[in-house]
Amino acid sequence: MLPAIPVFDLRDEAQPALAAMRAAPVRAQALWLWARGHYTPAGLAIADKLSRHWLRRNDNPLRDELDSVAAALPGAGAYALNLSFEWGCTVGLGAAEAPFMLRVLDWPLEGLGERLCVFRQAGPAGDWLNLGWPGFVGVITALAPGRFAIAINQPPLPQRAIARMARRVGADFLGLAVDWLAARPARWRHGGLPPAHLMRLVCDNAPDYAAALAMLRDTPLAAGAIFSLAGTQPGEAAVIERAEESHAVIEARPNAVAANGWQCIANPGAPRWRYSAERHAAMTALLAGPVPSDFGWLTPPIANEGSRLAAMMCPATGRLELLGMEGVTAVTRPLYLA
């Protein structure tokens, strides 16, 4: 039998990311060991030092909690992993009588699906559910019952001429590396929030859909992002595209979809995960009719070799359906909460 997704109550914890590590130490240790093996101890240490300096220079509001997470690990890595922001994703929003969100997280980090957790957290605006992993202070997917559901997708990197040439001859990885390196100086100089940290502040502090939308649209960010938001009232659903110098809000009429490409922002770039256009088209077609229950909607290419999490969230009812994935294969039992 497949394992269940554990649910931990951290609502009384001042530093929930650290409390999550203490609640699920084996999962936290396994993710850290994978990172050391993938990035090498030396590479992780260098990235960790730079990330820590950047957070301190910008007086990040979650820095103290991240410091505690770093102190709990046996070696470097906490800062770098918390600023990695390397997810691809697909999101479908329905703005009907009870708005809902369909969410698939894609990330090449193996083992995330097996170690998926749900953390009950609380902030000044109320309780919420963090769908994630121990030691991560930011948020990538969350449900705040009675308020909103929220998710983040990785946007394209602006393309440089040499990167476009590399992609034309099939050297996609080289093109991605060039674009990634070219974007680093601007990221280093920026004083805005990491997108996943903004998501955490929204979940803690936004009392409703309108407040969450304003924070996602207007808060200065250190990197581009694609946010998806669903509220509790008919029509409350939108995709918020944030580039370095511009933004766009795509309201669900009655549906909206986000993958890893821009829809409204004129910013040339290539999606950083596979099948973005195909996933966007498949989710659009899916929302045009009745959505199958019990993850019947989770079919290729919406599910693909990088999928690690699949969820259906309805903020008005507090309904959550969650599944851990390793590629197109489920590695946990479905979790149903209401």
Side-chain angles (χ1 to χ4, degrees), residues 15-22 24-89 105-113 115-117 119 130 132-141 152-155 157 173 176-201 221-225 272-273 306 308-309:
Q15 295 187 330
L18 177 63
M21 294 179 65
R22 292 171 175 165
V26 175
R27 292 168 184 254
Q29 181 84 351
L31 292 172
W32 177 75
L33 288 173
W34 184 95
R36 282 175 61 87
H38 186 75
Y39 298 111
T40 75
L44 201 58
I46 292 171
D48 215 47
K49 185 175 181 179
L50 292 172
S51 300
R52 181 183 182 188
H53 175 78
W54 186 86
L55 286 165
R56 294 198 169 194
R57 186 196 70 191
N58 292 346
D59 196 24
N60 184 278
L62 300 179
R63 188 190 66 201
D64 290 345
E65 186 171 351
L66 189 43
D67 286 344
S68 298
V69 168
L73 287 174
Y79 301 100
L81 291 174
N82 267 274
L83 292 182
S84 57
F85 189 47
E86 292 295 337
W87 308 283
C89 317
L105 169 70
D106 302 323
W107 199 17
L109 176 51
E110 296 177 1
L112 283 183
R115 298 173 179 92
L116 178 63
C117 303
F119 304 109
N130 184 356
W133 296 270
F136 190 73
V137 304
V139 170
I140 55 172
T141 309
I152 190 172
N153 289 15
Q154 189 185 52
L157 275 169
F173 180 79
L176 175 61
V178 169
D179 287 335
W180 188 88
L181 288 171
R184 293 311 97 188
R187 298 280 171 84
W188 180 258
R189 293 190 298 267
H190 207 291
L193 280 171
H197 290 192
L198 173 59
M199 292 263 290
R200 164 75 179 275
L201 298 181
L221 290 180
R272 284 178 276 184
W273 185 242
R308 302 292 179 245
L309 171 162

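What you see is a predicted model; the values in this text were computed from it and never measured. Starting from 1, each residue takes its place in the sequence as its number.
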Report task. Would you please test Gln29 and Met21 for side-chain contact (heavy atoms from CB on, under 4.5 Å) and show each step? Result -> CA-CA 8 Å; Gln29 181 84 351; Met21 294 179 65; over 6 Å; no
Query raised in the report: With Pro25, which residues qualify under side chain to side chain contact (heavy atoms under 4.5 Å, CB included), at least two apart?
Result: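 Counting only residues at least two positions away or on another chain, Pro25 forms no side chain to side chain contact (heavy atoms under 4.5 Å, CB included).
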**Report entry** Test side chain to side chain contact (heavy atoms under 4.5 Å, CB included) applied to Leu31 - qualifying residues, sequence neighbours left out
**Finding:**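 Listed in chain order: Leu112, Arg115, Trp133.
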Can you tell me how far the [atom1] atom of [X] sits from the [atom2] atom of [Y], to the nearest 0.5 Å?
| X | Y | atom1 | atom2 | answer |
| --- | --- | --- | --- | --- |
| Leu81 | Arg36 | CG | CZ | 11.0 Å |
| Asp67 | Arg52 | CG | CZ | 6.0 Å |
| Ile140 | Leu105 | CD1 | CG | 4.5 Å |
| Gln154 | Asp106 | CD | CG | 10.5 Å |
| Leu193 | Leu55 | CG | CG | 10.0 Å |

Requested in this report: Can you sort out the partners of Arg200 under salt bridge (charged side-chain N to carboxylate O under 4.0 Å, His left out), two or more places apart, ordered by chain and number?
Outcome: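 Only Glu65, Asp204 meet the salt bridge (charged side-chain N to carboxylate O under 4.0 Å, His left out) criterion with Arg200.
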Query raised in the report: Considering residues at least two apart in sequence or located in another chain, which fulfil the salt bridge (charged side-chain N to carboxylate O under 4.0 Å, His left out) criterion with Arg22?
Result: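 So Arg22 forms no salt bridge (charged side-chain N to carboxylate O under 4.0 Å, His left out) with any residue.
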Which heavy-atom pair separates [X] from [Y] by the least distance, and what is that distance?
| X | Y | answer |
| --- | --- | --- |
| Pro195 | Ile152 | CB-CD1, 3.3 Å |
| Asn60 | Leu62 | OD1-N, 2.8 Å |
| Trp32 | Ala76 | NE1-O, 2.9 Å |
| Ala222 | Gly192 | CB-O, 3.5 Å |
| Leu201 | Pro61 | CD1-CG, 4.0 Å |
| Pro155 | Ala225 | CG-N, 3.6 Å |

Taking the side chain as every heavy atom from C-beta outward, state whether [X] and [Y] have any pair of such atoms under 4.5 Å apart.
| X | Y | answer |
| --- | --- | --- |
| Leu116 | Arg308 | no |
| Trp54 | Pro194 | yes |
| Asn130 | Pro16 | no |

Report task. Evaluate the side-chain contact (heavy atoms from CB on, under 4.5 Å) criterion for residues Gln15 and Val137: first the C-alpha distance (whole Å), next the side-chain angles of each, then the deciding distance (0.1 Å), finally the verdict. Result -> CA-CA 9 Å; Gln15 295 187 330; Val137 304; over 6 Å; no
Only pairs under 3.5 Å count here: list side-chain donor-acceptor contacts from residues 41-48, not counting sequence neighbours, and write none if there are none.
{"unit_1": "Asp48", "atom_1": "OD1", "unit_2": "Gly77", "atom_2": "N", "d": "3.2"}
{"unit_1": "Asp48", "atom_1": "OD1", "unit_2": "Ala78", "atom_2": "N", "d": "3.3"}
{"unit_1": "Asp48", "atom_1": "OD1", "unit_2": "Tyr79", "atom_2": "N", "d": "2.8"}
{"unit_1": "Asp48", "atom_1": "OD1", "unit_2": "Ala80", "atom_2": "N", "d": "2.9"}
{"unit_1": "Asp48", "atom_1": "OD2", "unit_2": "Gly77", "atom_2": "N", "d": "3.1"}

